[in-house]
Amino acid sequence: MNINKDLVAASSTPLVLAILAEGDSYGYAILKRVRELSGGELQWTDGMLYPVLHRLERSGLIESRWEESESGRRRKYYRITKAGLEQLAEERRQWTTVDRALRNIWSTLAEFAAAAANPAAATLALRPGPA
Amino acid sequence: MDPNRIGDPTKESLESQIDAWRRHLRRSRALTGRDVEELEDHLREQIASLQADGLSEDEAFLVAVKRLGSVDALTREFAREHSERLWKQLVLAGDSERGGEVGGEGSRRMWVALALAVAAAVAIKLPALFGIDFESESAAFFYPLNIGFLTLPFVVAYFAWERPLATSSRLWLAGAFALAALVVNLFPFPSWAPGVRVPDTLALTALHLPIVLWLGVGVAYVGGRWRGSERRMDFLRFTGEFFIYFVLIALGGGVLTGLTVGLFEAIGYDIEPMVGNWIVPCGAAGALVVATWLVEAKQSVIENMAPVLARIFVPLFTLVLVGYIATILATGRWIDIEREFLIVVDLLLVVVFGLLLYSISARDPLEGPAMFDWLNLVLVVAALVVDVLALWAIGARISDFGFTPNRTAALGMNVVLLVNLAGSAVLYARFLRGGVPVGRLWSWQMTYLYVIAGWAAIVAFLFPPLFGFE
């Protein structure tokens, strides 16, 4: 599925923060986790994750350290900070609100579609005023 | 086949592919060494995972690179996130995070430069021990002659410390400075007494001596390998940048002293003697060394400014000079020779010489003639026309004025620069017609440095005896 770029960009912060809230991680593993979580539907261009990580690090939401990985290469690990956890909670509130609003309208639309199949009921349902 | 076997062709090709990719990324200023390292770790892990899925090394590399995104898109994204990196920052003491030179070397240079700057500041005040204060009247007979000897050795010392400079070159340089200092101080100039004016020949020596001494700095700059016009060209580039940095530091110093005076005035404390006798001379002496070090430290970090300024001002000066000639022709006004006019023309030639020098210094030697080269040629020719008009006007009245030391020196410098610009014009025209490579123009200018320094030496060392130290 092709997901709108703005949406990908907007969701990257909560996703990354949430994944780091699960535990310290590094670029490649974070991407793998994103793929798992979205069932492979959410595909980022791999390289674009890094500027996002650097932005979060700069704003103090995450912090990084270099460590030797099991393969012997030096690897940059990220850890969520206290400010990051607060930001994550805030993001979560916002996304839940958006999600709730969307869910409501989706269900209304579903009723609408059902009503279209049954016009008599629809007039009643949609025009509740004094007829 | 054992994939870990050294010399395995496929193994090598993956490494060299990753190498090439890494080099490609490193070219962007938006990415530091650390960023590339992080991305490389990602790439390698991706390749390993793809290989585990059964892809060959080549396929895995291609897919992994593709997934990371094109280098252009990647660098653009990094540049947006780290826009400050696009402003070339001068890292003074070395900062490992930026992948620059790590600690040690950079900061050692800084400390040596600062120590030498302090030494220069002390040296310039040493004459105060013998009762010669910087602002006193007697100083007007001492400082103009000696200021170069009190400051430039520290610039030379910086290069001597920083570069491999043969012992023979060191001794030679020290000897030359000492000899020059001895000669000008043994000149029987009239000594200071109330009401005695500074003799013209002393002023001329003071004006021309720095040019000669600067050549000594040049020898130290090129590490004693003065042959080869490329090294001298580098020294010239250094000179341009040095000048700009010094002026910038001086501007900052002006603000500092202005504020100092203002602040102390408010509490009724007269700080001006302190400013004139200490802050200005010590600051200027220290600034010479600091500017030297700054040019060296930022050489590869920041765009050279002198060629940029030359680019801006070549068209403007061309416009003014062509307009000037056109006005003379249209109105029939002849140059009204005043005593100072020769100096003005000399300054004009110096500026044009500098503009030409710095605009060709930044030129790609392999590139063919461009629009800007024509503009340079027009500028040089216009300057030559103005100079010839001026010389003509002076020639008619030189007998009225007589050959005073000042006028002779100005005329001599004028001729020296005239010959240089005429030679440049001829070579430039031949280059534009495709006759000679632009390198000829360089070597002409570089060889001509000897002539300029030679003339400066004649004025500095021979004029005082020739004109009886008047």
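Labels below follow one simple rule: chain letters A, B, ... track the order of the sequence lines, proteins then strands, and each chain is numbered from 1. Values below: all heavy atoms of this structure, side chains included; hydrogens, waters and symmetry mates excluded.
Put simply, OH on A:Y28 and CZ on B:R44 are 14.0 Å apart, with the number rounded to the nearest 0.5 Å. For the atom pair CZ (A:R75) and CD (B:E37), the distance works out to 11.5 Å, reported to the nearest 0.5 Å. Atom CD of B:Q46 is separated from atom CG of A:L31 by 8.5 Å, given to the nearest 0.5 angstrom. Distance CD/B:E45 to CG/A:D46: 11.5 Å, rounded to 0.5 Å. To the nearest 0.5 Å, atom CE of residue A:M48 and atom CG of residue B:L74 are 5.5 Å apart.
For A:R58, the CZ atom is densely surrounded, since the number of other residues' heavy atoms within 6.0 Å is greater than 12. Atom CZ of B:F313 has 12 or fewer neighbouring heavy atoms from other residues, nucleotides or ligands inside a 6.0 Å radius. Other residues, nucleotides and ligands contribute only 12 or fewer heavy atoms inside 6.0 Å of the CZ atom of A:R103. Within 6.0 Å of CZ in B:F243 there are 12 or fewer heavy atoms belonging to other residues, nucleotides or ligands.
Contact of the B:D35 side chain with the A:H54 side chain is registered, since non-hydrogen atoms from C-beta on lie closer than 4.5 Å. Using a 4.5 Å heavy-atom cutoff, the side chains of A:R74 and B:R34 are in contact.
Looking at A:R73, the atoms closer than 4.5 Å to chain B (heavy atoms on both sides) all sit in the side chain, from C-beta outward. Looking at B:A64, there are no atoms closer than 4.5 Å to chain A (heavy atoms on both sides), in backbone or side chain.
Of all the heavy atoms in B:H42 and A:Y50, the pair that sits closest is ND1-OH, 2.7 Å.
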